[in-house]
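This report concerns only the one structure given below.
Each chain gets a letter, A, B and so on, in the order its sequence line appears, and its residues count up from 1.
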Amino acid sequence: MYDVTVDVTVKRHVKMLSYPIGKPVITLGGQEANIRRLLDDINTSDNVPPQPEISGAPIAGQGAEGSWYDEAPRPQTARHDHRSHRHRNTRPNTAIGNRTSSGYTDNMDEDYAHDGNKARSNVAMEMTDMKEETMEGVPDLEELIKMEKEEMDQIIDMVESNKAIVISGETGCGKTTQVPQFILDHYIEQGKGSECRVICTQPRRISAVSVAERVADERGESISNSVGYSIRLESKFPRSTGSILFCTTGVLLKYLESDPQLYRATHIIVDEIHERDLLSDFLLIILKDLLQKRPDLKVILMSATLNAEQFSEYFYNCPHLSIPGFTYPVQEYYLENILEMTGYIPPDKDQGRKKFHDRGRGKWREREEELEEEEWNVQAWCRSLEGKFSPKTIDSLSRMDLEMKILDLELIYNLIRHIVSREDDGAILVFVPGWSEISDLHKLLMKDRFFNTDKVRVIPLHSMMPTVNQKEVFDRAPPGVRKIVIATNIAETSITIDDVVYVINGGKIKMKDFEPEYNMTSLEARWVSKSNAKQRRGRAGRVQPGKCYHLYTSLKETTLEDYQRPEILRTRLEELCLQIKLLKLGRIEPFVSKAMQRPSTEALRMAIENLQNLQALDENENLLPLGVHLAKMPVDPHSGKMLLFGAMFGCLSPVCTVAASLSFKDAFVIPLGKEKLADMRRKELSEGSKSDHIMLINAFDGWEHHRRTRTDGQYCWENFLSGNTLKLLQNMKKQFAEVLRELKFVRNGDVNDPSVNVNSANMALVKAVICAGLYPNVARVMKVPSGRSKFPKPPKVNLKDGQRVSIHLKSVNSDEKDFPSKWLVYHKVMKTNGVNLFDCTMVSPYPLLFFGGEIKSSMMKVNDHEERHMVTVDDWISFYASPTIGQLVKDLRKQLDRLLEDKITRPGVTNWDPKSKEGAVLKAIIDVITQEDFDQDDDSDWNNYHGGRDRYR
DNA sequence: GAGCACTGC
């Protein structure tokens, strides 16, 4: 055990080091008498745990009267059977202003981005492929109605005569708002309105709401009549039949749990399928199968134009219809044009042959040859530019790093200066990959007095910056003032800024990727795809003709992928697998193989294995009782397990805060330049807990406390918190409590009910529950660098497989010097620059012993003369312990395991009566955990022990 | 010495 070593293997970005990982640093013993007494108490308690029954409690969502999706179809009433309510053609041009002033908008808004007349001037249908339309004269109303009628008839014909169709069209063609209405209106005209229930899914919450509002508006109704929406935590259902429901993809998938054949819908429209997000790809597999079982069901897939054919092929070569759209023309410029117009001379690329790490894919030599070929192509292309571009530009192109390993911010700076001084008014939107580029470019601009004036307004935009919630992003700059927005891809789909006329496409995008062979998620900047570029370009043509500057050559553009890799190939699959089992879709592998692109066998195997280790699946992929609970909770499996334990151990509210923050996002926003101050605030909020998760609880509780005195605004401001996010987290917590009530783990759905919070103030226990949820995500602190250097480095920690990683600088533990326990549990580990733990909680030994993996007792040789007893969890987490205490811990653990298994199989409210077996066991466990036990072992002084280890690095 | 973006009756 002492010399457990890991193979010395150098893998991509992962240092596998060889050194002992098993030596304990903590000796257990202080609680021997305590545990013995507690075990005695258990043995004298009742042997049959009483099962408190929850009877008569109504289950939310089932049979709730008046809910849209459970109501039986009923006859159509007369007031809906004429189309005269629709007046979308005469709608004034207010849509954009209204939505943007309310905060977020979405690219879906583009479907009605322009004046109604313009938008509808190109409604003529084409069965052929895409055709770029330009603005024509505006037809008169009569002609418009006629054109629309033709358009509608064609779509209806196709829908009627096919089970599935694909409709493609660029943003601006109106497909999202019009197609659902065509279908409904057709049924109403036929006097069959009551037979029509259209569900239209959107990938984002905001699109679902804003499209529903727009469509209701076009029909001259308020929401909840013939049009409604349903997103998580917020629903306004339309009437039960003769109606259209816009919902998120996730909501529709949730419906499948109670209605596997989707009888609540006659038509299902899946919008934005070209985005290839995990949930739409999953839904498509299900719908494809469902068409066999429900011959009456109509499926309409809606996509952008590029590659729309592949969806038609996937759906049994179903017909494909393309709708032309309207957008203002956008002039495009490439790197060669930009160098020519700015006269900027980029730095030469590194001359020495760069060592090329292509993350293990492809062999070194092949890659070298590939590079040489690329180089040759570039030089040939440069020669072809002669005569068309100045020699200076051509020379620059041939010498610079066209791969843009590091985004050239000087180039962007020069380009912005060029636009500001030479081009007409209009906001500039710059796309860069991430925080550091936003920060650096912002500094670069502010350094220049040219930009640091009242005439220029520079706005950084990032999901974690407070500007995402501020109106100024959307506000049109006053005349003579230039607005410059520096943004991540948040401005590509989620946030729409109307007055943008100039777009600078930095060419790179940060993308999450999962590599099962390294069991590692990464987040790295890659080249954009053609569809990203197209979307970015479109951001320039919303209000008038615009210009788009791509920071890559026109040669490079030809090598860009059409689309980003679908998410299903880039993500962990645990949740997907659980859903497949919950929806009884058969064995995982064959089911997933039906996807448009199937994930690797390795990724699937890893997901299934993890679920088996979690006791969610058995060895035959059958859902175990725990798996059923986890699948029903709207969080990842680890957070789900945490919630179950939180309910059982009477600390529901704090644990819900953690689960909500981990599965959605934490509530912090950080203004540019205030990073360190924000770190300090978080550290204060952690109150010495050495836990990011406890810090989140304290931040949330502080906010709720200040709400009572209406000082929450001040509180958020001081602590860099977003009130909007906190409200969402609060609602999520309520939802979790509801779900736990349905699963019968708590009696009522109030997350703050005292009965489920008897131990909420016991932070040692809350940490233990966090540990129970996050296990086996355990890391061991290996080295705390000395604090003398100017920039103290974060502690180095090891994962179980020996990977050496850092604690991310955002974590409250990143500047921690003192770890009484060397063990951390974490939720997220990700490779960015290096490999980082993004959140962690230091845990004491007992939570690991009680909630971790298998416990073994063994002897360990300390030196030639001495051996010591120890207990070890999962063969790597070791503590010195006498044989007696080892046995006591094992006995107690056995009691706990039995209790937990029973609880999971037969859910019930916790019985705290210490005379019951359940009460006695829980009391014992809580008692031991509460006395955090950090007895240091004298002869294994941790720093000495690891002092000589540098040679391995 | 640093955090793409979504989402769940």
Side-chain angles (χ1 to χ4, degrees), chain A residues 59-62 64 67-70 106 201-208 230-235 237 245 247-259 264 272 275-280 282 431-440 462-465 468 487-495 508-513 522-526 528 532 564 567 570-571 575 579 631-636 639-640 660 663-666 668-670 675-676 678-679 728 732 735-736 738-739 742 789-794 806-811 814-815 828 830 832-834 836 838-839:
Chain A
I59 292 173
Q62 283 183 17
S67 70
W68 177 77
Y69 43 87
D70 284 324
D106 190 85
T201 70
Q202 295 291 322
R204 280 171 295 283
R205 291 160 59 83
I206 294 160
S207 347
S230 179
I231 61 178
R232 184 182 187 182
L233 305 173
E234 198 183 327
S235 294
F237 289 109
L245 175 75
C247 65
T248 43
T249 324
V251 167
L252 184 62
L253 285 166
K254 214 61 179 141
Y255 287 164
L256 283 162
E257 282 175 33
S258 58
D259 180 11
R264 69 189 72 190
E272 310 277 10
E275 289 187 13
R276 302 300 305 275
D277 60 278
L278 181 67
L279 295 186
S280 346
F282 182 38
F431 285 101
V432 294
W435 182 287
S436 63
E437 290 85 0
I438 294 176
S439 174
D440 293 346
H462 184 288
S463 65
M464 284 180 232
M465 289 178 187
V468 295
T488 62
N489 50 345
I490 195 171
E492 208 171 290
T493 49
S494 300
I495 289 181
K508 294 287 178 91
I509 194 166
K510 276 201 182 175
M511 251 207 324
K512 224 166 90 169
D513 205 350
S522 65
L523 181 65
E524 289 169 299
R526 309 273 176 84
V528 295
N532 292 130
Q564 272 176 250
E567 192 185 4
R570 301 189 284 113
T571 190
E575 285 178 73
Q579 290 307 311
K632 286 184 176 171
M633 282 189 276
V635 292
D636 62 277
S639 300
S663 66
F664 177 50
K665 64 172 176 185
D666 74 40
F668 287 94
V669 283
I670 304 159
E675 293 90 337
K676 273 183 201 148
D679 288 347
L728 254 165
M732 287 175 73
Q735 187 192 16
F736 296 157
E738 269 301 314
V739 173
E742 285 164 32
S789 65
K790 194 176 167 201
F791 294 120
K793 291 198 171 85
S806 295
I807 296 177
H808 195 277
L809 288 155
K810 201 179 155 189
S811 164
S814 65
D815 62 350
K828 196 164 80 168
M830 199 158 65
T832 49
N833 264 323
N836 285 301
F838 279 77
D839 58 288

Could you tell me whether the phosphate oxygens of [N], OP1 or OP2, come under 4.0 Å of any side-chain nitrogen or oxygen in [X]?
{"X": "A:R205", "N": "B:dG8", "answer": "yes"}
{"X": "A:H808", "N": "B:dA2", "answer": "no"}
{"X": "A:S814", "N": "B:dA2", "answer": "no"}
{"X": "A:H462", "N": "B:dG3", "answer": "no"}
{"X": "A:T248", "N": "B:dG8", "answer": "yes"}
{"X": "A:S463", "N": "B:dC4", "answer": "no"}
{"X": "A:S439", "N": "B:dA2", "answer": "no"}

Can you find an N or O donor on one side and an acceptor on the other, under 3.5 Å apart, linking the side chain of A:N836 with the base of B:dA2?
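Such a pair does not exist between side chain and base.
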Decide yes or no, distance alone: a donor-acceptor N/O pair under 3.5 angstrom between the base of B:dG8 and the side-chain of A:E575.
yes
More 5' along DNA chain B: A:N489 or A:P634, using each one's nearest nucleotide?
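So the residue in question is A:N489.
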5'-most contact on DNA chain B: A:Q735 or A:M464, nearest heavy atom basis?
A:M464
Counting side-chain heavy atoms from C-beta on, which of B:dC4, B:dG3, B:dC9 comes nearest to A:V251?
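The closest nucleotide is B:dC9.
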Straight-line distance of A:S639 OG to A:F736 CZ, nearest 0.5 Å
7.5 Å
Any donor-acceptor N/O pair, A:E567 side chain to A:L278 backbone, under 3.5 Å:
yes
May I ask you to say what A:I509 touches in the nucleic acid, namely base, sugar-phosphate or nothing, with a heavy-atom cut-off under 4.0 Å?
nothing
